[in-house]
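What follows is a single structure, written as structure tokens, with notes after it.
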Amino acid sequence: GAGVSQSPRYKVAKRGQDVALRCDPISGHVSLFWYQQALGQGPEFLTYFQNEAQLDKSGLPSDRFFAERPEGSVSTLKIQRTQQEDSAVYLCASSEIGGRASETQYFGPGTRLLVL
Amino acid sequence: DAKTTQPPSMDCAEGRAANLPCNHSTISGNEYVYWYRQIHSQGPQYIIHGLKNNETNEMASLIITEDRKSSTLILPHATLRDTAVYYCIVANFGNEKLTFGTGTRLTIIP
């Protein structure tokens, strides 16, 4: 079946530009996560949705970062006034139902953002 | 979540068993051990998880010590496609936010 998809796969932005990154989770998955992965580092948590509710946004690095999932399926991560330090791979993951140890997260291929 | 410690890199000959260690000495009683791997330019991929018993699936085996302070991921017959960064993570539930470290970069040598 279809996995998690993300678009675009690559994005080059000029400093100060706004960008929007899209995530299509596996159909029917309740939970959706965004992670940021800097070069040579492991992914770091940004934010978490259960259906359309954003339950945890503790990892968002600044108020320039905003995520939404209005209908409980597709999610968009928006970065306003991009800075060079925002350059990273942005990963989206989904899981079926919240709160069970047997749950696994299924990751998309990521969007590689380069801010010049 | 408990912190984990993994060696930064390891090599393994193709066809041999790859044994990847992980220390998690501060793990609490309700935390599971999860392993994910990340092949170059791809998103992380779930491998296996366990609480206190050893586990095996089609990809790997997970051996957890009796005191649960460490574990070993075993890839029984490593292939070149197993070259990846392997992350050991402890968490209460697999679907909550995952705290990745820097993992172990495993290189399979032909």
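Every chain is numbered from 1, with letters handed out A, B, ... down the list of sequences.
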salt_bridge(E31(B), R68(B)) N-O dist < 4.0 Å:
no
Identify, with sequence neighbours excluded, every residue that meets side-chain contact (heavy atoms from CB on, under 4.5 Å) alongside T65(B).
D67(B), S70(B)
Atom group of [X] that falls short of 4.5 Å from chain B, counting heavy atoms:
{"X": "Y106(A)", "value": "neither"}
{"X": "E44(A)", "value": "neither"}
{"X": "T47(A)", "value": "neither"}

Joint cluster assignment, V33(B) & L75(B), ILVMFWY side-chain distance < 4.5 Å
yes
Picking from G42(A), P43(A), P109(A), which has the most non-hydrogen pairs under 4.5 angstrom with chain B?
P43(A)
Hey, can you tell me if H49(B) and Y32(B) have their rings parallel, tilted or perpendicular (30° and 60° cut-offs)?
tilted
